[in-house]
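Working notes, beginning with the structure itself.
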Protein chains: 2
Amino acid sequence: MTRIPAPERRAALIEAALRVISRNGIAQATTRAIVAEAGMSLASFHYAFDSRDELIDELIEAVIEHARHAIMPDELPEGTLVEVLEAGIIRYFEHLKADPEHEQAMLELTQYALRSPDRHPQARAQYARYVELAERSLEVAAERTGSQWTVPIARVARVLVAFTDGLTLTWLVDRDDDASLAVANAAAVALSRMAEPR
Amino acid sequence: MTRIPAPERRAALIEAALRVISRNGIAQATTRAIVAEAGMSLASFHYAFDSRDELIDELIEAVIEHARHAIMPDELPEGTLVEVLEAGIIRYFEHLKADPEHEQAMLELTQYALRSPDRHPQARAQYARYVELAERSLEVAAERTGSQWTVPIARVARVLVAFTDGLTLTWLVDRDDDASLAVANAAAVALSRMAEPR
DNA sequence: AAGCGACTGGGACGGGTGACCCAGTTGGAA
DNA sequence: TTCCAACTGGGTCACCCGTCCCAGTCGCTT
């Protein structure tokens with residue numbers, strides 16, 4: 001095995017851990033499985049990290065950092081607010097379909113964090129980040145369609161996150177594309193009611 | 001320890017397992033933890049069940065069987081369709097707040113089932129049950145408010161399940177009651193758009 | 001070119017897991 | 001009242017887990 005400085009190894013291990021969790025679930029993300037995925041020995045793991053817990057902590061921080069691509073596209077389609085919102089949600093849905101295991105991993109990570117008091121703040125931070133991204137997209141959507149939000153945008157964003165979460169969870173279970181498109185449309189309709197023409 | 005026939009023991013163990021999962025998460029639901037919760041010995045466990053897997057299987061079946069109380073109340077408030085829908089979702093939300101750990105356990109069970117091909121059908125069945133319950137409530141709501149669904153009711157129900165799931169997941173993370181009420185309202189508005197006066 | 005510190009591999013440890021076994025005990029049918 | 005099958009307790013198994021240790025090796029700096 002070639003020699004790799006510890007910081008790079010940490011990054012490589014975090015990536016490997018994420019791959020393992022995506023493929024097999026967090027329960028299977030043992031130090032041995034992670035190390036095998038990264039092609040390292042156990043000693044390298046404990047040289048880079050004090051403990052598995054520390055790896056998981058950093059993993060969550062990392063996924064918060066480069067969280068899912070903004071829920072809305074950069075280049076927005078033309079149209080009414082509802083249409084733009086729906087297009088944005090559908091774009092997220094396409095992203096979900098392209099890599100379902102990743103979103104499933106995110107969900108598991110959240111549930112995992114929720115189970116220990118020490119990590120609960122991390123779950124909150126993860127969702128705060130989602131809301132922040134949603135907020136930014138909603139701002140753009142309103143601006144482009146000549147609308148303005150009549151409800152605090154943070155609140156609108158929080159609702160959007162709830163809707164996309166529900167879309168994700170239910171789709172992961174039944175993989176019903178049509179139903180999810182209906183959810184996307186209904187969500188867009190609901191959100192558009194929180195804005196008015198400017 | 002008093003003697004208990006195997007079928008009763010199975011039931012007692014399933015209940016104990018659900019309590020353990022609610023309290024500590026599915027990862028902590030080891031045979032020993034379950035047995036301790038039920039006040040039994042390990043031998044009694046393996047007398048009643050062939051394996052831990054079998055217990056989990058039956059546990060999921062059991063929760064599907066007596067799934068969460070209908071999402072909507074039996075006695076509906078007076079009002080428009082939107083109001084009735086919103087009241088129903090809020091009722092579910094109250095139920096969630098009263099026993100968050102139970103809903104968290106349900107979520108974990110779903111995620112768990114999703115991770116093994118053998119159990120995926122169980123997750124589907126769980127959600128099919130949710131949709132069925134939602135459907136029944138939506139029927140009543142439309143009838144009482146003199147409305148009729150313009151979209152197949154199964155589809156409306158599926159959207160409702162997605163919305164309540166999103167509400168649940170996000171609330172479990174940030175425990176923001178006001179935000180969840182906003183979600184409930186937005187969901188009710190969106191759903192009401194799928195019906196017309198009769 | 002020498003030497004030191006960063007890094008590696010392999011093996012080992014204690015602890016927890018699911019499963020199992022078997023010698024006992026007890027309730028209820030005969 | 002007898003006795004057998006249903007049930008129990010406790011001990012044990014092999015396995016996997018996270019962690020640790022230590023003897024070796026490689027690359028940088030001087």
Side-chain angles (χ1 to χ4, degrees), chain A residues 1-21 23-61 105 108-109 111-113 115-116 118-119 122, chain B residues 1-21 23-60 108-109 111-113 115-116 118-119 122:
Chain A
M1 181 90 305
T2 53
R3 297 168 84 79
I4 302 172
E8 282 179 41
R9 227 169 245 287
R10 287 170 78 93
L13 282 166
I14 287 173
E15 280 171 32
L18 189 55
R19 283 198 302 275
V20 171
I21 295 174
R23 189 175 346 107
N24 302 323
I26 198 166
Q28 303 299 318
T30 63
T31 52
R32 282 166 173 76
I34 294 167
V35 144
E37 174 75 23
M40 300 181 191
S41 72
L42 277 172
S44 301
F45 182 99
H46 281 287
Y47 185 80
F49 291 98
D50 279 352
S51 68
R52 180 180 173 280
D53 264 18
E54 189 181 313
L55 184 268
I56 299 289
D57 274 352
E58 292 219 7
L59 170 56
I60 298 179
E61 299 295 335
E108 287 188 43
L109 245 17
Q111 300 272 111
Y112 182 79
R115 275 303 176 186
S116 114
D118 290 349
R119 286 192 224 269
Q122 286 188 300
Chain B
M1 182 91 303
T2 52
R3 296 169 84 78
I4 302 172
E8 283 178 40
R9 226 169 245 287
R10 288 171 80 93
L13 281 166
I14 288 173
E15 281 171 32
L18 189 55
R19 283 198 301 277
V20 172
I21 295 173
R23 189 175 345 109
N24 302 324
I26 198 166
Q28 303 299 319
T30 64
T31 52
R32 282 168 174 80
I34 294 167
V35 144
E37 175 74 24
M40 298 181 192
S41 73
L42 275 173
S44 301
F45 181 99
H46 281 288
Y47 186 80
F49 290 98
D50 278 352
S51 68
R52 180 179 172 280
D53 265 17
E54 190 182 311
L55 185 266
I56 300 288
D57 275 352
E58 292 219 6
L59 170 56
I60 298 178
E108 286 188 43
L109 245 17
Q111 299 274 112
Y112 182 80
R115 275 302 175 188
S116 114
D118 291 350
R119 287 191 224 270
Q122 286 187 301

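Predicted, not measured: the structure shown is a model, and the values here were computed from it. In what follows, chains are A, B, ... by sequence order, proteins preceding strands, each numbered from 1.
In this structure, A/Arg52 CZ and A/Leu13 CG are separated by 12.5 Å, a value rounded to the nearest 0.5 Å. In this structure, the separation between CD1 on B/Ile56 and CD1 on B/Ile14 is 9.5 Å, given to the nearest 0.5 Å. Expressed to the nearest 0.5 Å, how far CD1 of A/Ile21 lies from CD1 of A/Ile26 amounts to 4.5 Å.
Judged by distance alone, the side chain of B/Gln122 and the main-chain N or O of B/Ala113 form no donor-acceptor pair under 3.5 Å.
When all heavy atoms of B/Ala29 and B/Val20 are compared, the pair lying nearest together is CA-CG1, 3.9 Å.
The only option from B/Ile34, B/Ile60, B/Asp50 that meets the side chain to side chain contact (heavy atoms under 4.5 Å, CB included) definition with B/Leu55 turns out to be B/Ile34.
B/Leu55 has its CG atom 14 Å from the C1' atom of C/dA19, to the nearest Å. In this structure, CG of B/Leu13 is placed 13 Å from P of C/dG18, rounded to the nearest angstrom. Here the P atom of nucleotide C/dA6 and the CZ atom of A/Arg10 are 15 Å apart, to the nearest Å. Rounding to whole angstrom units, CG of residue B/Asn24 and P of C/dT17 are separated by 12 Å. Atom C1' of nucleotide C/dC7 and atom CZ of A/Phe49 are separated by 16 Å, given to the nearest angstrom.
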Heavy-atom contacts, protein to nucleotides 13-26 of chain D, under 4.0 Å, summarised as B (base), S (sugar-phosphate only) or - (none) per nt, yield ----BBB-B---BB
